[in-house]
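Data first, discussion second: the structure below is written as structure tokens.
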Amino acid sequence: MSFCTIPLKSTIKILILCFISNSLYSQMNSNDLIDKKVDSLLNLMTLEEKVGQMNLYNGFWDVTGPVPQEGSAEQKYEHLKKGWVGAMLSVRGVEQVREVQKVAVEESRLGIPLIFGFDVIHGYKTLSPIPLAESCSWDLEAIEKSARVAAIEASSVGLNWTFAPMVDISRDARWGRVMEGAGEDPFLGSQIAKARVKGFQGDDLSANNTLAATAKHFAAYGFIEAGREYNSVDIGTSTLYNTVLPPFKAAVDANVRSVMNSFNEINGIPVTASKFLQRDILKGKWNFNGFVVSDWASIWELINWGHAKDKREAAKLASTAGSDMDMEGYVYIEELVKLVNDGTVKESIVDDAVKRILRLKYELGLFDNPYKYCNESREKSTLYHKDHQEAALDIAKKSIVLLKNENNLLPLKKEGQKIALIGALASEKNSPLGSWRIASDDNTAISVLEGMQQYKDNSLVYEKGVDLTIGKTHFVEEVVINETDKSNFPKAIEAAKDADVVVMVLGEHGFQSGEARSRTQIDLPGLQQELLEEVYKANKNIVLVLNNGRPLAIEWADKHIPTIVEAWQLGSQTGNAVAQVLYGDYNPSGKLTMTFPRNVGQVPIYYNYKSTGRPINREGNVFWSHYIDSERTPLYAFGHGLSYTSFEYGNFKINGKTFNINDTVEVSVDVTNSGNYNGKEVVQLYIRDLFGSITRPVRELKGFELVELKKGETKTIQFKLDKSLLGFYNNEGEFIVEAGDFKVFVGGSSMTTLEKSFELIE
Ligand code: BGC
């Protein structure tokens with residue numbers, strides 16, 4: 001259907017359509033053409049209609065934050081009719097989307113179509129693993145595919161815009177939202193940001209099965225103090241430039257169409273009002289031509305921060321700072337027209353924002369067909385499609401990290417064994433979906449129990465041992481953890497006594513991580529630790545399978561339990577993925593992307609820390625950088641992850657000793673599968689710039705390759721290090737490369753000891 005076939009009520013609409021029709025600009029390239037169309041349309045808009053485009057309303061169903069004022073459905077419909085809404089969030093399903101779009105297109109004066117946004121974080125109905133888990137696959141192709149599948153499903157229900165990927169780097173496992181990111185490293189985080197943007201947006205944004213992506217939360221939300229949700233951030237410029245911003249820059253380079261700002265402040269300025277971040281860096285230095293959407297009511301929250309005294313000031317600060325769209329804050333729609341009319345805010349600021357928003361609407365092809373994503377039969381045949389389930393299973397297996405495997409307890413033998421499966425999470429069909437499953441249906445995950453039941457030639461006994469939660473869980477509700485009822489302990493202990501191998505599935509409920517789910521204790525919640533210790537007394541042959549949305553402090557388990565598998569929350573296909581790994585039908589290949597601490601007191605703990613002035617215990621006295629009650633080393637390091645086979649590294653070479661700053665350093669290493677299974681290894685390369693005008697981390701990931709090796713096979717892996725990898729940002733935000741001594745490390749984790757040196761000269 002072309003836009004011209006949509007019933008138009010007023011003559012003015014016809015005029016507009018002619019004015020912006022393709023024929024008028026048929027000779028131009030598509031970017032110029034869009035700019036011209038946008039300009040033409042802008043010329044016809046009243047100030048109220050322009051400000052309307054900057055207004056994003058939540059639909060009438062899901063709420064993902066507190067609402068500053070009650071926006072009634074009637075009021076929202078009134079505003080839609082007046083053309084005072086640019087986009088909607090959480091309106092979903094073809095029927096609903098069509099209904100709302102119809103109001104905008106057919107009842108408003110100019111008939112400008114709406115964009116429909118939603119938190120499509122790790123799938124829509126079919127859920128892939130939580131993003132932190134996916135990042136542990138280090139498999140960019142699979143990660144891109146996962147986002148592609150999510151886009152296919154979500155676009156089939158009428159949506160065209162996702163609030164993902166979250167590219168916030170975080171080092172703090174107390175923060176519940178680490179589950180939504182790609183871990184602690186800016187290099188890996190940047191690659192994953194690109195892959196996810198590419199997956200969502202595809203090659204053609206105007207296709208009806210792609211979504212405009214959003215890089216969020218700009219910026220530094222992952223560094224909130226003490227991991228307490230929505231808290232302040234206080235980081236230095238070096239961390240901002242070198243750790244926080246690179247994944248956002250990568251997303252912008254990958255043509256992400258929108259960026260969401262965040263709830264935190266930096267240097268006393270809530271970022272929603274930060275001109276420095278939004279105008280100077282994002283839209284200035286990086287030349288970002290998409291638009292900035294506020295986070296949920298974050299413009300209004302400028303008042304709570306004590307930065308704006310009222311809505312009027314909040315609107316002024318946020319709009320001049322470069323926040324283009326107000327999500328459910330009711331601030332722009334109420335204040336911005338007045339501010340422009342009395343000369344406080346320049347109309348050019350509004351025009352710039354509106355152009356960016358309209359540009360996306362043209363890019364999506366909404367002016368040609370505002371209902372292009374609305375097809376019921378496609379919706380029906382797309383959701384939970386078997387291809388999507390297969391893709392979800394594929395990445396779920398790849399996301400699992402084998403943390404420990406003493407005595408080769410894994411893989412399990414496929415027959416003749418008595419297995420006791422213990423833990424409430426083992427039979428969970430809801431928790432593995434995580435807390436960002438708004439659209440997916442409850443209890444649709446395959447549980448670990450169901451997965452293991454498919455291996456029929458062992459005897460399998462299941463005992464939950466202890467309830468993890470008490471009461472009903474629901475989105476936005478907090479789960480209530482069982483702290484008292486141990487009545488099922490004895491049955492689990494009995495089952496363990498009788499088993500050859502005990503598989504225990506323990507960890508966090510899906511609703512214990514995610515937004516607004518910070519924890520001060522990051523051990524096994526409830527009575528699970530106690531259960532683990534009791535079962536261990538009965539049978540030491542335990543395979544501990546962890547389900548969680550953040551690194552956990554499991555020092556006791558590491559000391560006692562022979563085999564530990566990190567299985568996160570793996571989405572719809574959880575049970576199949578876990579069972580295939582436990583039984584060796586998939587050889588685990590994941591590597592951690594966030595450091596596991598020994599205890600919560602070590603947090604924030606990360607691999608790319610600074611040396612400090614007292615890094616080692618040189619003289620045997622107390623005055624060095626350490627704790628007196630704990631090791632300073634992590635429990636499991638970034639990049640760590642085992643396989644059922646083993647890998648050997650040899651023939652590590654650099655193509656010289658001294659290089660000019662403009663040269664490319666070539667590094668190669670042979671990797672051999674020296675064990676008994678075919679398998680995959682993530683070969684990692686780290687550098688250390690020994691002396692810098694800004695001190696450099698002790699290690700920085702600068703390359704990786706996921707390599708598949710048959711038993712006995714050797715492959716040579718090559719890396720190239722050029723200026724872009726050897727340099728860093730100074731405190732003025734300039735990218736510089738300094739001459740000096742470097743070390744290079746290669747291996748299967750950030751703790752690798754294989755090292756070589758070279759020198760860069762000018
Ligand atoms: C979250 C965003 C999310 C938005 C819309 C906010 O509370 O911080 O990440 O996209 O809600 O649901």
Side-chain angles (χ1 to χ4, degrees), residues 55-68 71 86-92 115-124 130-132 147 150 154 159-170 175-182 193 196-197 200 211-224 227-231 233 247-248 251 256-265 270-272 290-302 304-305 323-330 434-440 475-478 511 513-518 549:
N55 186 28
L56 166 60
Y57 276 149
N58 186 47
F60 318 104
W61 303 276
D62 306 309
V63 172
T64 57
V67 191
M88 294 291 294
L89 85 132
S90 296
V91 173
R92 59 198 162 92
I115 314 174
F116 288 88
F118 194 69
D119 290 284
V120 185
I121 307 297
H122 54 111
Y124 185 76
I130 56 170
L132 178 63
L159 299 169
N160 42 39
W161 180 30
T162 175
F163 304 129
M166 183 182 107
V167 303
D168 297 308
I169 298 296
S170 182
W175 188 43
R177 272 197 113 158
V178 296
M179 57 75 70
E180 200 180 336
R196 289 196 168 131
V197 169
F200 287 127
L211 300 175
T214 307
K216 71 187 189 185
H217 304 84
F218 195 66
Y221 182 35
F223 281 77
I224 46 172
R228 176 166 57 78
E229 188 65 293
Y230 313 130
N231 204 359
V233 167
F248 286 99
V256 73
R257 299 321 290 135
S258 67
V259 167
M260 186 185 292
N261 57 34
S262 51
F263 291 126
N264 55 284
E265 64 159 45
V271 299
T272 305
F291 68 87
V292 177
V293 58
S294 82
D295 202 348
W296 181 285
S298 69
I299 300 181
W300 172 74
E301 288 178 9
L302 294 175
N304 286 346
W305 273 108
S323 293
D324 300 312
M325 194 183 260
D326 177 6
M327 184 196 291
E328 194 64 11
Y330 302 82
S435 60
W436 256 137
R437 88 287 278 286
I438 347 182
S440 193
F475 182 64
V476 299
E477 264 186 17
E478 288 184 25
F511 285 121
S513 61
E515 184 175 354
R517 291 170 174 100
S518 300

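For ligands, and for the atoms within them, numbers begin at 1 and follow the listed sequence.
- A salt bridge does not link Asp119 to Arg92: none of the charged side-chain nitrogens sits closer than 4.0 Å to a carboxylate oxygen.
- Of the possible polar contacts, none joining the Thr162 side chain to the Leu211 backbone as a donor-acceptor pair under 3.5 Å is found.
- Residues Tyr221 and Trp175 bring their aromatic ring centres within 6.0 Å.
- Counting atoms of ligand 1 from 1 in the listed order, those under 4.0 Å from a heavy atom of Asp295 are 1 (C), 2 (C), 3 (C), 4 (C), 6 (C), 7 (O), 8 (O), 11 (O).
- For ligand 1, the polar-atom distance check against Arg177 finds a nitrogen or oxygen pair separated by under 3.5 Å.
- In this structure, Trp296 has its ring center no closer than 6.0 Å to that of Tyr230.
- Annotation for ligand 1: atoms under 4.0 Å from non-hydrogen atoms of His217 are 2 (C), 8 (O), 9 (O).
- A donor-acceptor contact shorter than 3.5 Å is absent between the side chain of Ser294 and the backbone of Asp326.
- Considering backbone and side-chain atoms alike, Glu515 places an N or O below 3.5 Å from some N or O of ligand 1.
- Residue Met260 approaches ligand 1 through these ligand atoms, each under 4.0 Å from one of its heavy atoms: 2 (C), 10 (O).
- Considering both main-chain and side-chain atoms, Glu180 never comes within under 3.5 Å of ligand 1 through any nitrogen or oxygen pair.
- Look at Met166 and you'll find every heavy atom at least 4.0 Å from all atoms of ligand 1.
- Less than 4.0 angstrom separates some heavy atom of Lys216 from each of these atoms of ligand 1: 2 (C), 3 (C), 9 (O), 10 (O).
- Taking every non-hydrogen atom of Phe163 and a distance limit under 4.0 Å, the qualifying atoms of ligand 1 come out as 10 (O).
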query: Thr214 and Ser258: side chain to side chain donor-acceptor pair (under 3.5 Å), yes or no, with the steps?
result: CA-CA 5 Å; Thr214 307; Ser258 67; 2.8 Å; yes
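- In this structure a side-chain-to-backbone donor-acceptor pair under 3.5 Å is present from Arg517 to Glu515.
- Under 3.5 Å, the side chains of Glu180 and Trp436 contain a donor-acceptor pair of N or O atoms.
- Taking distance alone, with nitrogen or oxygen atoms compared against 3.5 Å, Trp436 stays at or beyond that limit from ligand 1.
- Using a 4.0 angstrom heavy-atom cutoff, Phe118 does not count as in contact with ligand 1.
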